[in-house]
K.L.:
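Below is the structure I would like to discuss, written out as structure tokens.
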Amino acid sequence: MPELPEVEVVRRGLAQWVVGRQLAAAEVLHPRAIRRHLPGADEFAERLKGRALLSAERRGKYLWLPLSGDEEALMAHLGMSGQLLIVEPDSPLEKHLRVRMRFEDGGPDLRFVDQRTFGHVMLSSLVGGVPEPISHIAPDPFEEAFDEAEFARRLKAKRTEIKRALLDQSLISGVGNIYADEALWIAKLHWARPTWTLTRPKITELLTAVRTVMAAALQQGGTSFDSLYVNVNGESGYFDRSLEAYGRRDLPCSRCGTPIRREVFMNRSSYSCPRCQRPPR
DNA sequence: CAATACACCTGTCAGC
DNA sequence: TGCTGACAGGTGTATT
């Protein structure tokens, strides 16, 4: 479940179902799932044993659960197809189960399931409350720490296109391919618009669009085109019905009726309205 | 330094 | 029916 709204849906599920509980055992079923945990699977499992999960935190698309004891956390990134599921301990093992965590209370497992294995989990120290491996990730636009003036300054200093900048997690985190296209559609900006030509008011408008579309998506439980994108209980979100650009090739723009076009940019799809979002000269 | 191309995976679907 | 190629919500690393 990848972009910010979908990850936030998962964070809320974790806060409800695993925070406050004590881990009994962790089992790594696929080494690739912990490839960023350099000490390896045995150390990962040993270090988790007996630790309590204190809270559920998120920055952009990264999740972490601070642990009792030392200043460290269980961190997760869902990649393209990762899921964190809460399931009864006796329920059948999922086909793509990568890491299984069991609890002292005998209650539901926390399972990391990931078809494509682009996601990962690891243990990491906390630096200023944030996992050390994501110190290079910028705050997301819902955080107190997000500095709009700083974002605007860095954006204008770039020599690249606006969509590439929106997807740059070191500039602003949490935005992915769907919500980048949706926010650009709302702000009537073409994906190729050079960052340095944007005025400060237009940048503010774009940021408002990013926050608006992500907040709306969160209210609908996120965007789910298929069963890969589900909350901790396996349920889909409904925001796909509200998308204005993404995935709507040849369908009429809701503002002007012009068919939405699909173009390839950065080796992935970009959807936009040819009339509302004029390409730069 | 900054910007870009590519690799990393499994699965589904359209077209032949 | 296969088979092939395109495509899928992301990001770390290597290369310019």
Side-chain angles (χ1 to χ4, degrees), chain A residues 1-10 29-38 58-63 75-84 94-98 112-122 124 131-138 140 153-184 191-192 194-196 210 213-214 217-218 220-231 236-243 245-250 262-271:
Chain A
M1 304 206 34
E3 302 183 47
L4 186 153
E6 293 77 33
V7 178
E8 176 61 15
V9 166
V10 173
L29 292 96
H30 195 309
R32 205 177 130 72
I34 55 141
R35 66 195 177 284
R36 307 240 159 251
H37 188 83
L38 302 181
R58 180 188 57 72
R59 165 166 283 183
K61 306 169 195 173
Y62 284 86
L63 286 166
M75 186 179 87
H77 191 286
L78 303 176
M80 291 282 269
S81 57
Q83 304 172 327
L84 283 166
E94 293 78 3
K95 181 176 182 188
H96 300 295
L97 179 62
R98 309 306 187 192
F112 180 62
V113 175
D114 189 9
Q115 178 191 101
R116 294 175 71 182
T117 69
F118 286 173
H120 64 99
V121 297
M122 67 182 290
S124 77
E132 185 272 325
I134 64 166
S135 53
H136 66 292
I137 299 294
D140 67 58
R153 186 187 63 72
R154 292 184 60 202
L155 185 69
K156 287 207 249 193
K158 284 200 166 286
R159 284 294 174 272
T160 191
E161 307 92 344
I162 183 59
K163 182 170 177 182
R164 194 187 295 277
L166 278 181
L167 297 177
D168 180 349
Q169 306 294 300
S170 68
L171 196 59
I172 177 172
S173 66
V175 183
N177 204 36
I178 291 181
Y179 300 110
D181 278 5
E182 292 300 301
L184 290 169
W191 51 263
T195 49
W196 64 91
V210 167
V213 69
M214 285 185 161
L218 179 57
Q220 302 290 314
T223 301
S224 313
F225 296 121
D226 56 48
S227 60
L228 241 39
Y229 300 88
V230 294
N231 67 16
S236 292
Y238 298 101
F239 194 69
D240 60 312
R241 300 172 192 173
S242 306
L243 294 173
Y246 188 88
R248 293 181 47 82
R249 169 153 57 165
D250 297 336
R262 173 185 176 275
E263 295 162 287
V264 174
F265 172 61
M266 293 172 72
N267 282 320
R268 56 211 311 201
S269 296
S270 281
Y271 298 89

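Here is how names work: the chains are called A, B, and so on, in the same order as the sequence lines, proteins then strands, and each is numbered from 1. This one's a predicted model, so the numbers in the text were calculated from it and none came from an experiment.
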K.L.:
Under 4.0 angstrom, heavy atoms only, what part of the nucleic acid is Arg154(A) near: base, sugar-phosphate, or nothing?
P.N.:
nothing
K.L.:
Once you apply a heavy-atom cut-off of 4.0 Å, does Phe225(A) come out as touching a base, just sugar-phosphate, or nothing?
P.N.:
base
K.L.:
Around atom OH of Tyr238(A), are there more than 12 heavy atoms of other residues, nucleotides or ligands at under 6.0 Å?
P.N.:
no
K.L.:
Quick one: label Asp114(A) by what it contacts on the DNA or RNA (base, sugar-phosphate, nothing), any heavy atom closer than 4.0 Å.
P.N.:
nothing
K.L.:
Can you name the side-chain hydrogen bond (donor to acceptor under 3.5 Å, both in side chains) partners of His37(A), sequence neighbours left out?
P.N.:
Glu43(A)
K.L.:
Just by protein heavy atoms under 4.0 Å, how would nucleotides 10-16 of chain C read 5' to 3' in B, S and -?
P.N.:
BSSS---
K.L.:
Partners of Gln115(A) by side chain to side chain contact (heavy atoms under 4.5 Å, CB included), sequence neighbours excluded?
P.N.:
Ser81(A), His96(A), Leu228(A)
K.L.:
Just checking, is any N or O donor in the side chain of Tyr246(A) or Ser269(A) under 3.5 Å from an acceptor N or O on the other one?
P.N.:
no
K.L.:
Calculate, to the nearest 0.5 Å, the distance between atoms CZ and OG belonging to Arg262(A) and Ser270(A) respectively.
P.N.:
9.0 Å
K.L.:
Judged by each residue's nearest nucleotide on DNA chain B, which is more toward the 5′ side, Asn267(A) or Arg159(A)?
P.N.:
Arg159(A)
K.L.:
To the nearest 0.5 Å, what is the distance between OG1 (Thr195(A)) and CZ (Arg159(A))?
P.N.:
6.5 Å
K.L.:
Flag yes if more than 12 heavy atoms outside Arg249(A) fall under 6.0 Å of its CZ atom; otherwise flag no.
P.N.:
no
K.L.:
In dot-bracket form, how is DNA chain B paired, counting a Watson-Crick or G-U wobble pair only if both its distances are under 3.5 Å and using | for bases paired to another strand?
P.N.:
.|||||||.|||||||
K.L.:
Less than 4.0 Å between a side-chain N and a carboxylate O, is that true for Lys158(A) and Asp168(A)?
P.N.:
yes
K.L.:
With rounding to the closest Å, how many angstrom separate the P atoms on dC1(B) and dT11(C)?
P.N.:
23 Å
K.L.:
So Tyr179(A) and Phe239(A), do their side chains get closer than 4.5 Å, heavy atoms only?
P.N.:
yes
K.L.:
Donor-acceptor check, side chain of Glu6(A) to backbone of Glu3(A), threshold 3.5 angstrom: yes or no?
P.N.:
yes
K.L.:
Apply ring pair (Phe, Tyr, Trp, His ring centres under 6.0 Å) to His120(A) and list each qualifying residue two or more places apart in sequence or on a separate chain.
P.N.:
none
K.L.:
5' to 3' on DNA chain B, which nucleotides open and close the contacts with chain A (atom under 4.0 Å from a heavy atom)?
P.N.:
dA3(B) to dG11(B)
